[in-house]
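The block underneath contains the structure these notes are about, expressed in structure tokens.
Heavy atoms only: backbone and side chains are in, while hydrogens, waters and symmetry mates are out.
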2 protein chains.
Amino acid sequence: MGRPPTMRKSATIRDVAREAKVSIAAVSYALNGGGTIGEEVRARVREVAQQLGYRPNRSAQAVRTGKSMTLGLVLPDLNNPYYPALAQSFERAARQAGYTVVLIDTSGHVDEEVQGIRRLEQHGVEGVVWCQTAGPDEVVSSDYSVPIVVIGTPSLSVDNVTTKDYEGGQYLARHLVEMGHTRIGMLTAASVLPSKDDRRLGFIEALAGHATVMWEEKAPFAIDLPERIRAALERRDVSAVMCGNDLIAVGVLRAARQLGIQVPTELSVVGFDDIPWASIVEPELTTVRQPVSEMAAVALTLLLDRIAEPSRAVRHFKVGVELIKRQSVAEAPVSWGWRKIGRS
Amino acid sequence: MGRPPTMRKSATIRDVAREAKVSIAAVSYALNGGGTIGEEVRARVREVAQQLGYRPNRSAQAVRTGKSMTLGLVLPDLNNPYYPALAQSFERAARQAGYTVVLIDTSGHVDEEVQGIRRLEQHGVEGVVWCQTAGPDEVVSSDYSVPIVVIGTPSLSVDNVTTKDYEGGQYLARHLVEMGHTRIGMLTAASVLPSKDDRRLGFIEALAGHATVMWEEKAPFAIDLPERIRAALERRDVSAVMCGNDLIAVGVLRAARQLGIQVPTELSVVGFDDIPWASIVEPELTTVRQPVSEMAAVALTLLLDRIAEPSRAVRHFKVGVELIKRQSVAEAPVSWGWRKIGRS
DNA sequence: ATCGCCACATTAAACGTTTCACTAATTGAC
DNA sequence: GTCAATTAGTGAAACGTTTAATGTGGCGAT
């Protein structure tokens, strides 16, 4: 056992030049195109480079050209099931475009987000995609030396991609109304992000006249619900609960199970996001899908465009959402007899 | 709306030097320590640097020193719930150590793994952590110009960190035996990784004499189980199923529900890995926990050590695992009366 | 023969750092 | 007051590239 694998120093452009008996410049031109290099030389250089396993040193290229072919991705928390898909698509798309992705995961520490961007700047990334959890605008207004695209926060002054949260809220409301629900509880996400407000607003406005929200509570970002909310559930005065995101909805499912409330027969539950968990819980969650991969792709496009043309007008892209009907919603019970149990 | 945020060119060491009226070298020494720089100058330089928002250009540093302060992480699939935690801890620990992490997610394309490493090499990372899904050794034997630590595959010739899969298998077996199970089904993961064999072996050997495995099937890496396995489940000739990993176990839970088999009263299910899903499914999964974060940390240490001393002896680190008892295992039913339903 | 032109290849500067070798100025000992 | 020793700071090379500017021939036209 024991000996570490051999580790050849990687060949530099000099090595190739020497071996091919031409100048350094010739090698560069031959490999990258540009300049005027004859066919024989070009071929020879290619040959030698190949054989030496020469790969241009990106750092050196970066220093010389200012292009590092590197992009940064700032995420709040990979353990939040919402982000892996985003990270994956982004990395994949970026790689396809020739870029390499540097990852910063702040593990929920909001203050590290800006630090992270600083770090990325220093590393010479050409652009950053930022899934912002901090409050909107002001924090992005500190000027960075690198183009930034924000995902999820609709700031006016920065390129960003957001989802049609308002519409999503509407879809859920309409669906619940169609299913005959008239008394509804709301669990709003406790976050500073405006998306939660849009969802809420869309939901409420689409409900108007057809159903009433009996109560509304703020839920922290975790599956375990605070006692206050369990109590609300236990009152059993609603036939459906709208949750600000799927994580909360999963929490409700679990709480309902513990409280002996049947989902969806006694209580319908809807979420938002369509994270992977939504389809493995029992019952599977009816929710609104955010096209996460698409968002990542759009963010990349926006970013690449801005890198190419730094002074172009700011763009805001709003991607559509989709209602995913699964098993956590049923027709509202016609009789509310069981309600008496909870109500005095 | 419209105008993109101002984007100052970041200050270079020259700018600082000019502004502080000292030489470039002085700035470098003042900031990095080294050289002999007086207190007044040092202070002034610091001041100016701070005020100009100077951050040394990593690429330039990399070119000059050969140290890019960058590490690579090659993952098969972030959507696999096993990896986000790993990625997060690794990035976090690496950042703490001053390194920045470049991510490659091959989305399950095995052939991209080596390509990915090549790309990382080119980018000048100082080391790579590789969660290998390709077969063992031979693929790692092609010599890279950069130190590599493998997670999960116990190759002899490379630093690596693995888990005590064999012991984990034993834990599960003993637990099931304790709970009185004597007829057991096995669902092995269909992969080329040796870890699955160790789990299997540990399980089987610890079972010896106390219980018999009635059948064993290979399960693909997905929650939806193939018909063959559903059929096996439907035979109802076992009181417990051991699954090669949690994903499979979740699949079994779901299949059981569909087939009307009660877990854990009729069928006990155990998994392996303790991915986040394990604790949100119903019932919560009894499983063996892999200390993923710890593994990431260990991998980082191994890598950093090797970077510091490239010729040191290869190390293999095996981290311990832990049996997590939850709700998917119950005492084996004493009467097997219901078995007749399934059996002719 | 000379000129100009073309195709091809090379020289050298530059990117932002670090760091070695060196100079200038100050100190202390005699 | 001289000299060595110390201290503080500078100049310039080097890292691996790219690329503008400059050379070299050879060849056809004059």
Mind calculating the distance between [atom1] ([X]) and [atom2] ([N]) to the nearest angstrom?
X: A/Glu40; N: C/dC8; atom1: CD; atom2: P; answer: 8 Å
X: A/Arg18; N: D/dG16; atom1: CZ; atom2: C1'; answer: 14 Å
X: B/Ile24; N: C/dG16; atom1: CD1; atom2: P; answer: 10 Å
X: A/Lys67; N: C/dC15; atom1: NZ; atom2: P; answer: 16 Å
X: A/Ile37; N: C/dC6; atom1: CD1; atom2: P; answer: 19 Å
X: B/Gln61; N: D/dT17; atom1: CD; atom2: C1'; answer: 18 Å
X: A/Asn57; N: D/dG16; atom1: CG; atom2: P; answer: 7 Å
X: B/Leu52; N: C/dG16; atom1: CG; atom2: P; answer: 14 Å

(message) Looking at A/Arg92 and B/Glu112, is any side-chain nitrogen of the basic one under 4.0 Å from a carboxylate oxygen of the acidic one?
(response)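 Yes, B/Glu112 and A/Arg92 are salt-bridged.
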(message) On DNA chain D, compare the nucleotides closest to B/Lys21 and B/Ala60; which residue's is nearer the 5' end?
(response) B/Lys21
(request) Report the residue (A/Ala26 or B/Arg42) whose heavy-atom-nearest nucleotide on DNA chain D is the more 5′ of the two. (result)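 It is B/Arg42 whose nearest nucleotide is closer to the 5' end.
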Check every atom of [options] against the side chain of [X] and return the nucleotide holding the closest atom.
X: A/Ile13; options: D/dG16, C/dG16, D/dG9; result: D/dG16
X: B/Arg14; options: D/dT17, C/dA9, C/dT17; result: C/dT17
X: A/Val63; options: D/dT19, D/dT10, D/dG16; result: D/dG16
X: B/Ser23; options: D/dG9, D/dG16, D/dT10; result: D/dT10

(message) Quiz question: by atom type and distance under 3.5 Å, do the side chains of A/Thr133 and A/Glu113 form a donor-acceptor pair?
(response) yes
(message) If we count only N and O atoms by modelled type, under 3.5 Å, do the side chains of A/Thr100 and A/Arg95 hold a donor and an acceptor together?
(response)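 The answer is no; no qualifying pair exists.
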Looking at every strand, decide which applies to [X] at a 4.0 Å heavy-atom threshold: base, sugar-phosphate, or nothing.
X: A/Thr65; answer: sugar-phosphate
X: B/Arg58; answer: nothing
X: B/Arg55; answer: sugar-phosphate
X: A/Thr12; answer: sugar-phosphate

(request) Sequence neighbours left out, what passes side-chain contact (heavy atoms from CB on, under 4.5 Å) with A/Pro81? Give chain and number order. (result) A/Leu247, A/Ile275, A/Pro276, A/Trp277
(message) Taking the nucleotide of DNA chain C with the nearest heavy atom to each, does B/Ala25 or B/Ser59 sit closer to the 5' end?
(response)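 Comparing both residues, the 5'-ward one is B/Ser59.
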(message) Given the structure, check if the side chain of A/Tyr29 and the base of D/dA20 hold any donor-acceptor pair shorter than 3.5 Å.
(response) yes
(message) Please check this pair: side chain of B/Asn80 against backbone of B/Tyr83, looking for a donor-acceptor N/O pair closer than 3.5 Å.
(response) no
